[in-house]
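What's counted below: heavy atoms across the whole structure, side chains too, no hydrogens, waters or symmetry copies. Just so you know, ligand 1 is whichever comes first in the structure, and atom 1 is the first atom listed for that ligand.
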Amino acid sequence: MKLTITQPDDWHLHVRDGEFMSAVLPFTAARFARAVIMPNLQPPVTSVAAALSYRERVIAAADAAGFTPLMTLYLTPSTSVETIEQAAACPHIIGVKWYPAGATTHSDQGVSDISDCLHVVEAMSELSLPLLIHGEVTDPEVDIFDRESRFVTSTLEPLLQRVPELRVVLEHITTADSAQFVQDAGPNVAATITPQHLQLNRTAMFQGGLRPHHYCLPVLKREYHRRRLVEVATSGDPKFFLGTDSAPHLRKDKESACGCAGVFSAHAGIELYAEVFDNAGALDRLEGFASLHGAAFYGLDRNSGTLTLERRAWQVPDVYRVGADELVPFRAGTKIAWRVHTSEGEH
Ligand code: NCD
Ligand code: ZN
(Lines give C-alpha, C1' and ligand atoms only; values in the text may rest on other atoms or scores of the structure.)
(Ligands and ions follow the chains in the order given, each with its own letter.)
Protein backbone atom coordinates (compact mmCIF):
# COMPACT_ATOMS: atom_id res chain seq x y z
CA MET A 1 0.00 0.00 0.00
CA LYS A 2 1.28 3.46 -0.91
CA LEU A 3 0.21 6.92 0.16
CA THR A 4 1.26 10.12 -1.59
CA ILE A 5 0.95 13.38 0.32
CA THR A 6 2.03 16.98 -0.15
CA GLN A 7 5.61 17.08 1.12
CA PRO A 8 5.44 17.50 4.89
CA ASP A 9 7.12 20.03 7.22
CA ASP A 10 8.56 19.50 10.70
CA TRP A 11 7.39 22.39 12.87
CA HIS A 12 9.72 21.61 15.80
CA LEU A 13 13.24 20.28 15.35
CA HIS A 14 16.59 20.30 17.15
CA VAL A 15 19.58 19.84 14.86
CA ARG A 16 22.42 21.05 17.14
CA ASP A 17 25.51 22.31 15.28
CA GLY A 18 28.80 21.26 13.69
CA GLU A 19 29.50 17.55 13.25
CA PHE A 20 26.37 16.55 15.15
CA MET A 21 24.20 18.59 12.80
CA SER A 22 25.86 17.05 9.75
CA ALA A 23 25.01 13.60 11.11
CA VAL A 24 21.33 14.25 11.87
CA LEU A 25 20.04 16.89 9.48
CA PRO A 26 20.11 14.82 6.26
CA PHE A 27 17.43 12.56 7.79
CA THR A 28 15.09 15.52 8.06
CA ALA A 29 16.00 17.01 4.69
CA ALA A 30 15.25 13.68 2.98
CA ARG A 31 11.67 13.78 4.27
CA PHE A 32 10.57 17.32 5.00
CA ALA A 33 10.56 20.41 2.81
CA ARG A 34 10.90 22.77 5.79
CA ALA A 35 11.68 22.53 9.47
CA VAL A 36 11.45 24.97 12.35
CA ILE A 37 14.95 24.98 13.84
CA MET A 38 15.05 25.33 17.60
CA PRO A 39 17.47 27.94 18.98
CA ASN A 40 18.68 26.15 22.13
CA LEU A 41 22.33 25.97 21.15
CA GLN A 42 25.06 26.85 23.59
CA PRO A 43 25.16 29.83 23.58
CA PRO A 44 21.52 30.20 22.47
CA VAL A 45 20.49 31.92 19.25
CA THR A 46 19.33 35.27 20.58
CA SER A 47 19.92 37.73 17.71
CA VAL A 48 18.82 37.94 14.11
CA ALA A 49 22.49 37.91 13.04
CA ALA A 50 23.11 34.68 14.98
CA ALA A 51 19.98 33.09 13.50
CA LEU A 52 21.05 34.01 9.97
CA SER A 53 24.51 32.60 10.44
CA TYR A 54 23.05 29.42 11.99
CA ARG A 55 20.73 29.22 8.98
CA GLU A 56 23.70 29.20 6.62
CA ARG A 57 25.26 26.32 8.55
CA VAL A 58 21.95 24.43 8.52
CA ILE A 59 21.61 24.81 4.75
CA ALA A 60 25.18 23.58 4.26
CA ALA A 61 24.61 20.55 6.50
CA ALA A 62 21.23 19.62 4.99
CA ASP A 63 22.95 18.33 1.90
CA ALA A 64 19.67 18.47 -0.02
CA ALA A 65 18.61 21.05 -2.55
CA GLY A 66 15.33 22.67 -1.68
CA PHE A 67 15.34 22.13 2.09
CA THR A 68 14.27 25.31 3.89
CA PRO A 69 15.14 25.94 7.54
CA LEU A 70 12.73 28.26 9.36
CA MET A 71 14.70 29.94 12.11
CA THR A 72 13.68 30.93 15.63
CA LEU A 73 15.11 33.22 18.29
CA TYR A 74 15.57 32.23 21.92
CA LEU A 75 13.73 34.53 24.31
CA THR A 76 15.90 35.80 27.17
CA PRO A 77 15.27 38.42 29.86
CA SER A 78 17.28 40.87 27.75
CA THR A 79 15.51 40.32 24.41
CA SER A 80 14.61 43.81 23.19
CA VAL A 81 11.62 45.11 21.25
CA GLU A 82 14.11 46.16 18.59
CA THR A 83 15.22 42.53 18.18
CA ILE A 84 11.58 41.49 17.87
CA GLU A 85 11.06 44.11 15.16
CA GLN A 86 14.12 42.86 13.28
CA ALA A 87 12.94 39.26 13.61
CA ALA A 88 9.45 40.10 12.38
CA ALA A 89 10.95 41.87 9.36
CA CYS A 90 13.26 38.95 8.52
CA PRO A 91 11.68 36.42 6.12
CA HIS A 92 13.86 33.60 7.46
CA ILE A 93 12.70 33.92 11.07
CA ILE A 94 9.37 32.37 11.92
CA GLY A 95 9.00 32.88 15.64
CA VAL A 96 10.49 33.26 19.09
CA LYS A 97 10.95 30.30 21.41
CA TRP A 98 10.24 30.62 25.10
CA TYR A 99 11.92 28.07 27.35
CA PRO A 100 10.98 28.72 30.97
CA ALA A 101 14.40 28.90 32.67
CA GLY A 102 15.41 25.45 33.90
CA ALA A 103 12.54 23.60 32.16
CA THR A 104 14.67 21.54 29.76
CA THR A 105 17.95 21.06 27.87
CA HIS A 106 19.84 24.37 27.50
CA SER A 107 17.05 26.44 28.99
CA ASP A 108 19.01 28.17 31.75
CA GLN A 109 19.12 31.45 29.86
CA GLY A 110 15.37 31.43 29.27
CA VAL A 111 12.73 33.60 30.88
CA SER A 112 11.33 32.54 34.26
CA ASP A 113 8.41 34.92 34.50
CA ILE A 114 6.89 36.05 31.23
CA SER A 115 5.36 39.10 32.95
CA ASP A 116 8.91 40.50 33.01
CA CYS A 117 8.86 40.51 29.18
CA LEU A 118 5.36 41.76 28.53
CA HIS A 119 6.51 44.65 26.34
CA VAL A 120 8.36 42.16 24.13
CA VAL A 121 5.39 39.80 23.98
CA GLU A 122 3.07 42.69 23.15
CA ALA A 123 5.39 43.69 20.32
CA MET A 124 5.24 40.11 19.03
CA SER A 125 1.48 40.23 19.14
CA GLU A 126 1.36 43.51 17.24
CA LEU A 127 3.82 42.26 14.63
CA SER A 128 2.08 38.87 14.41
CA LEU A 129 5.30 37.02 15.28
CA PRO A 130 4.42 33.69 16.95
CA LEU A 131 5.63 32.72 20.40
CA LEU A 132 6.60 29.04 20.47
CA ILE A 133 6.29 27.75 24.00
CA HIS A 134 7.87 24.96 25.98
CA GLY A 135 4.89 24.73 28.31
CA GLU A 136 6.08 23.49 31.67
CA VAL A 137 6.32 25.23 35.02
CA THR A 138 9.75 24.96 36.58
CA ASP A 139 8.79 25.06 40.27
CA PRO A 140 10.64 22.06 41.76
CA GLU A 141 7.69 21.58 44.13
CA VAL A 142 5.42 20.71 41.22
CA ASP A 143 5.41 17.01 40.31
CA ILE A 144 7.12 16.52 36.93
CA PHE A 145 4.02 14.81 35.52
CA ASP A 146 1.90 17.86 36.38
CA ARG A 147 4.19 20.57 35.06
CA GLU A 148 2.52 20.99 31.69
CA SER A 149 -1.05 21.06 33.01
CA ARG A 150 0.00 23.53 35.67
CA PHE A 151 1.68 25.71 33.07
CA VAL A 152 -1.48 25.93 31.00
CA THR A 153 -3.63 27.11 33.91
CA SER A 154 -1.11 29.20 35.85
CA THR A 155 0.84 30.80 33.00
CA LEU A 156 -0.60 30.38 29.52
CA GLU A 157 -4.21 31.26 30.31
CA PRO A 158 -3.25 34.48 32.12
CA LEU A 159 -0.78 35.38 29.37
CA LEU A 160 -3.45 35.04 26.70
CA GLN A 161 -5.86 37.07 28.81
CA ARG A 162 -3.32 39.88 28.87
CA VAL A 163 -2.23 39.53 25.24
CA PRO A 164 -5.26 37.90 23.61
CA GLU A 165 -4.13 38.24 20.00
CA LEU A 166 -0.70 36.70 20.62
CA ARG A 167 -0.04 33.86 18.20
CA VAL A 168 1.07 30.88 20.24
CA VAL A 169 2.25 27.38 19.41
CA LEU A 170 2.15 25.20 22.49
CA GLU A 171 4.94 22.86 21.53
CA HIS A 172 5.02 19.10 22.01
CA ILE A 173 1.79 18.81 24.00
CA THR A 174 1.52 15.72 26.15
CA THR A 175 -1.81 15.87 27.97
CA ALA A 176 -5.53 15.75 27.36
CA ASP A 177 -5.74 19.06 29.26
CA SER A 178 -3.44 20.81 26.79
CA ALA A 179 -5.34 19.33 23.85
CA GLN A 180 -8.58 20.67 25.32
CA PHE A 181 -7.09 24.07 26.01
CA VAL A 182 -5.86 24.41 22.43
CA GLN A 183 -9.17 23.22 21.00
CA ASP A 184 -11.06 25.78 23.07
CA ALA A 185 -8.68 28.68 22.41
CA GLY A 186 -8.95 31.12 19.53
CA PRO A 187 -7.49 30.53 16.07
CA ASN A 188 -4.27 32.22 17.23
CA VAL A 189 -3.38 29.18 19.38
CA ALA A 190 -2.10 25.88 17.97
CA ALA A 191 -0.02 22.90 19.10
CA THR A 192 2.57 20.45 17.83
CA ILE A 193 2.63 16.78 18.79
CA THR A 194 5.67 14.45 18.73
CA PRO A 195 5.76 10.84 17.53
CA GLN A 196 6.85 9.52 20.94
CA HIS A 197 3.91 11.13 22.72
CA LEU A 198 1.58 9.52 20.18
CA GLN A 199 3.23 6.10 20.42
CA LEU A 200 4.25 5.69 24.06
CA ASN A 201 2.94 6.25 27.54
CA ARG A 202 5.01 6.80 30.65
CA THR A 203 5.28 3.10 31.45
CA ALA A 204 7.59 2.81 28.43
CA MET A 205 10.27 4.62 30.42
CA PHE A 206 10.35 1.75 32.90
CA GLN A 207 9.68 -1.30 30.72
CA GLY A 208 11.84 -4.08 32.17
CA GLY A 209 14.25 -1.48 33.55
CA LEU A 210 15.11 2.17 33.15
CA ARG A 211 14.89 3.28 29.51
CA PRO A 212 16.82 6.50 29.07
CA HIS A 213 16.07 6.70 25.35
CA HIS A 214 12.40 7.20 26.14
CA TYR A 215 13.11 10.15 28.38
CA CYS A 216 12.24 13.54 26.95
CA LEU A 217 10.62 16.72 28.18
CA PRO A 218 7.79 17.17 28.68
CA VAL A 219 8.00 13.65 30.03
CA LEU A 220 5.72 10.89 28.64
CA LYS A 221 2.32 10.77 30.34
CA ARG A 222 -0.39 8.20 31.10
CA GLU A 223 -2.07 6.08 28.44
CA TYR A 224 -5.24 8.15 28.81
CA HIS A 225 -3.35 11.24 27.63
CA ARG A 226 -1.65 9.38 24.77
CA ARG A 227 -5.03 8.26 23.47
CA ARG A 228 -6.41 11.75 23.58
CA LEU A 229 -3.39 13.06 21.68
CA VAL A 230 -3.96 10.44 18.98
CA GLU A 231 -7.60 11.50 18.82
CA VAL A 232 -6.86 15.18 18.31
CA ALA A 233 -3.93 14.58 15.94
CA THR A 234 -6.07 12.37 13.72
CA SER A 235 -9.23 14.46 14.08
CA GLY A 236 -8.50 16.78 11.18
CA ASP A 237 -8.53 19.80 13.53
CA PRO A 238 -6.12 22.31 11.92
CA LYS A 239 -4.88 23.50 15.31
CA PHE A 240 -2.73 20.39 15.66
CA PHE A 241 0.26 19.68 13.48
CA LEU A 242 3.47 17.73 13.16
CA GLY A 243 6.52 18.68 15.21
CA THR A 244 8.89 15.80 15.87
CA ASP A 245 10.93 17.53 18.59
CA SER A 246 13.67 15.21 17.39
CA ALA A 247 16.30 16.06 20.01
CA PRO A 248 19.52 14.12 19.51
CA HIS A 249 21.92 13.50 22.37
CA LEU A 250 24.94 11.21 22.16
CA ARG A 251 24.43 7.74 23.59
CA LYS A 252 26.92 8.42 26.38
CA ASP A 253 24.92 11.48 27.46
CA LYS A 254 21.64 9.53 27.51
CA GLU A 255 22.97 6.38 29.17
CA SER A 256 24.27 8.23 32.18
CA ALA A 257 23.62 8.65 35.89
CA CYS A 258 21.93 11.93 34.95
CA GLY A 259 20.80 11.37 31.39
CA CYS A 260 19.82 14.16 29.00
CA ALA A 261 16.21 14.68 27.95
CA GLY A 262 15.42 14.20 24.29
CA VAL A 263 14.33 11.52 21.81
CA PHE A 264 15.98 11.35 18.38
CA SER A 265 13.32 10.59 15.76
CA ALA A 266 14.44 12.36 12.58
CA HIS A 267 15.49 9.03 10.99
CA ALA A 268 11.77 8.13 10.81
CA GLY A 269 10.26 11.58 11.21
CA ILE A 270 7.25 10.98 8.94
CA GLU A 271 7.11 7.17 9.05
CA LEU A 272 6.29 7.12 12.77
CA TYR A 273 3.28 9.37 12.23
CA ALA A 274 2.15 7.21 9.31
CA GLU A 275 2.09 4.24 11.69
CA VAL A 276 0.00 6.17 14.21
CA PHE A 277 -2.50 7.41 11.63
CA ASP A 278 -2.70 3.96 10.04
CA ASN A 279 -3.38 2.30 13.40
CA ALA A 280 -6.08 4.89 14.07
CA GLY A 281 -7.69 4.24 10.67
CA ALA A 282 -7.01 7.86 9.72
CA LEU A 283 -4.42 7.73 6.93
CA ASP A 284 -6.58 10.15 4.94
CA ARG A 285 -5.89 12.79 7.62
CA LEU A 286 -2.12 12.41 7.73
CA GLU A 287 -1.61 14.98 4.99
CA GLY A 288 -3.49 17.67 6.88
CA PHE A 289 -1.54 17.08 10.08
CA ALA A 290 1.86 16.68 8.40
CA SER A 291 1.69 18.99 5.40
CA LEU A 292 -1.16 21.50 5.55
CA HIS A 293 -2.15 22.67 9.04
CA GLY A 294 1.24 24.03 10.07
CA ALA A 295 1.75 26.02 6.90
CA ALA A 296 -1.74 27.47 7.27
CA PHE A 297 -1.11 28.52 10.87
CA TYR A 298 2.20 30.18 10.01
CA GLY A 299 0.71 31.80 6.90
CA LEU A 300 3.10 30.05 4.52
CA ASP A 301 2.44 28.46 1.16
CA ARG A 302 1.88 24.75 0.94
CA ASN A 303 4.80 22.79 -0.43
CA SER A 304 4.54 22.06 -4.13
CA GLY A 305 6.31 18.68 -4.03
CA THR A 306 4.96 15.36 -2.82
CA LEU A 307 6.25 12.49 -0.71
CA THR A 308 5.18 8.89 -1.18
CA LEU A 309 5.01 6.57 1.80
CA GLU A 310 4.76 2.83 1.56
CA ARG A 311 3.47 0.30 4.07
CA ARG A 312 6.51 -1.96 4.01
CA ALA A 313 8.37 -2.65 7.24
CA TRP A 314 12.03 -1.82 7.83
CA GLN A 315 14.30 -2.34 10.76
CA VAL A 316 15.64 0.68 12.60
CA PRO A 317 19.40 0.35 13.25
CA ASP A 318 20.56 -0.07 16.84
CA VAL A 319 22.70 3.05 16.52
CA TYR A 320 23.77 5.74 14.09
CA ARG A 321 27.32 7.07 14.13
CA VAL A 322 28.20 10.64 15.00
CA GLY A 323 31.95 10.87 14.43
CA ALA A 324 33.49 8.51 16.97
CA ASP A 325 30.28 8.50 19.04
CA GLU A 326 26.91 6.82 18.77
CA LEU A 327 23.35 8.04 18.67
CA VAL A 328 20.49 5.70 19.62
CA PRO A 329 17.39 6.39 17.51
CA PHE A 330 13.78 6.09 18.61
CA ARG A 331 12.53 2.51 18.06
CA ALA A 332 16.15 1.27 17.75
CA GLY A 333 16.29 -2.37 16.67
CA THR A 334 12.54 -2.59 16.05
CA LYS A 335 10.51 -2.62 12.85
CA ILE A 336 8.59 0.41 11.62
CA ALA A 337 5.66 -0.49 9.39
CA TRP A 338 5.95 2.45 6.98
CA ARG A 339 8.84 3.73 4.90
CA VAL A 340 9.50 6.54 2.48
CA HIS A 341 9.09 5.19 -1.03
CA THR A 342 11.95 5.92 -3.37
CA SER A 343 12.13 4.95 -7.02
CA GLU A 344 14.87 2.41 -6.26
CA GLY A 345 12.65 0.87 -3.61
CA GLU A 346 15.41 1.41 -1.04
CA HIS A 347 14.84 3.13 2.23
C1 NCD B 1 15.08 19.11 23.91
C2 NCD B 1 16.57 19.15 23.61
O3 NCD B 1 17.27 18.18 23.91
O4 NCD B 1 17.03 20.16 23.06
N5 NCD B 1 14.80 17.99 24.77
C6 NCD B 1 13.62 17.35 24.91
O7 NCD B 1 13.52 16.48 25.76
N8 NCD B 1 12.59 17.65 24.16
C9 NCD B 1 14.64 20.39 24.49
C10 NCD B 1 13.14 20.53 24.52
O11 NCD B 1 12.52 20.69 23.47
O12 NCD B 1 12.58 20.46 25.60
ZN1 ZN C 1 12.11 20.72 21.56
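- The closest approach between a heavy atom of Arg16 and any atom of ligand 1 is below 4.0 Å.
- Counting only heavy atoms of the protein, atom 8 (N) of ligand 1 lies nearest to Asp245 OD2, 2.7 Å.
- Every atom of ligand 1 is numbered from 1 in the order shown, and the set under 4.0 Å from a heavy atom of Ala261 is 3 (O), 5 (N), 6 (C), 7 (O).
- The set of protein atoms (N, O or S) found at less than 2.8 Å from the Zn ion (ligand 2) reads His12 NE2, His14 NE2, Asp245 OD1, by chain and number.
- Note on ring orientation: taking the six-membered ring where Trp is involved, the planes of Phe151 and Trp98 are tilted (angle from 30° to 60°).
- Close approach to Ala247 involves these atoms of ligand 1, each under 4.0 Å from a residue heavy atom: 1 (C), 2 (C), 3 (O), 5 (N).
- Under the ring-ring contact (aromatic ring centres under 6.0 Å, His included) test applied with Phe289, the options Phe240, Phe241, Tyr273 reduce to a single match, Tyr273.
- Below 4.0 Å from some heavy atom of Cys216 lie the following atoms of ligand 1, by number and element: 7 (O).
- In the hydrophobic clustering of this structure, Ile37 does not group with Leu132; members are Ile, Leu, Val, Met, Phe, Trp, Tyr whose side-chain heavy atoms approach within less than 4.5 Å, directly or through other members.
- Of the residues listed (Leu129, Val96, Leu166, Thr79), the one engaging Val121 in a side chain to side chain contact (heavy atoms under 4.5 Å, CB included) is Leu166, and it is the only one.
- The environment of CZ in Arg222 is sparse: at most 12 heavy-atom neighbours from other residues, nucleotides or ligands sit within 6.0 Å.
- Relative orientation of the His172 and His134 rings is perpendicular, given thresholds of 30° and 60° on the angle between their planes.
- At the shortest separation from atom 11 (O) of ligand 1 among protein heavy atoms lies His14 NE2, 3.1 Å.
- If you run salt bridge (Lys or Arg N to Asp or Glu O under 4.0 Å) between Glu326 and each of Lys254, Lys252, Arg321, only Arg321 comes through.
- Relative orientation of the Tyr74 and Tyr99 rings is tilted, given thresholds of 30° and 60° on the angle between their planes.
- Of all the heavy atoms of Asn40, the ones lying under 4.0 Å from any atom of ligand 1 belong exclusively to the side chain.
- Of all atoms in ligand 1, listed by their number and element, those nearer than 4.0 Å to a heavy atom of His172 are 11 (O).
- Ring to ring, His225 and His197 are not that close: their centroids are 6.0 angstrom or more apart.
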- Query: Could you walk me through whether Trp11 and Phe297 pass the ring pair (Phe, Tyr, Trp, His ring centres under 6.0 Å) check?
  - Reply: CA-CA 11 Å; Trp11 299 99; Phe297 179 84; 8.9 Å; no
- Query: Where do Arg251 and Asp325 land on the salt bridge (charged side-chain N to carboxylate O under 4.0 Å, His left out) test, with the steps shown first?
  - Reply: CA-CA 7 Å; Arg251 177 177 199 164; Asp325 286 301; over 6 Å; no
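- The protein non-hydrogen atom at the shortest distance from atom 9 (C) of ligand 1 is Thr104 OG1, 3.4 Å.
- Shortest contact from atom 7 (O) of ligand 1 to any protein heavy atom: Leu217 N, 2.8 Å.
- By the criterion of a heavy-atom distance under 4.0 Å, neither the backbone nor the side chain of His106 is placed next to ligand 1.
- Taking a 4.0 Å cut-off on heavy atoms, Met38 fails to register as neighbouring ligand 1.
- In Glu171, neither the side chain nor the backbone holds a heavy atom less than 4.0 Å from any atom of ligand 1.
- Figure legend: cation-pi geometry between Arg34 and Phe67 absent, as NZ or CZ is not positioned both under 6.0 Å from the six-membered ring centre and within 45° of its axis.
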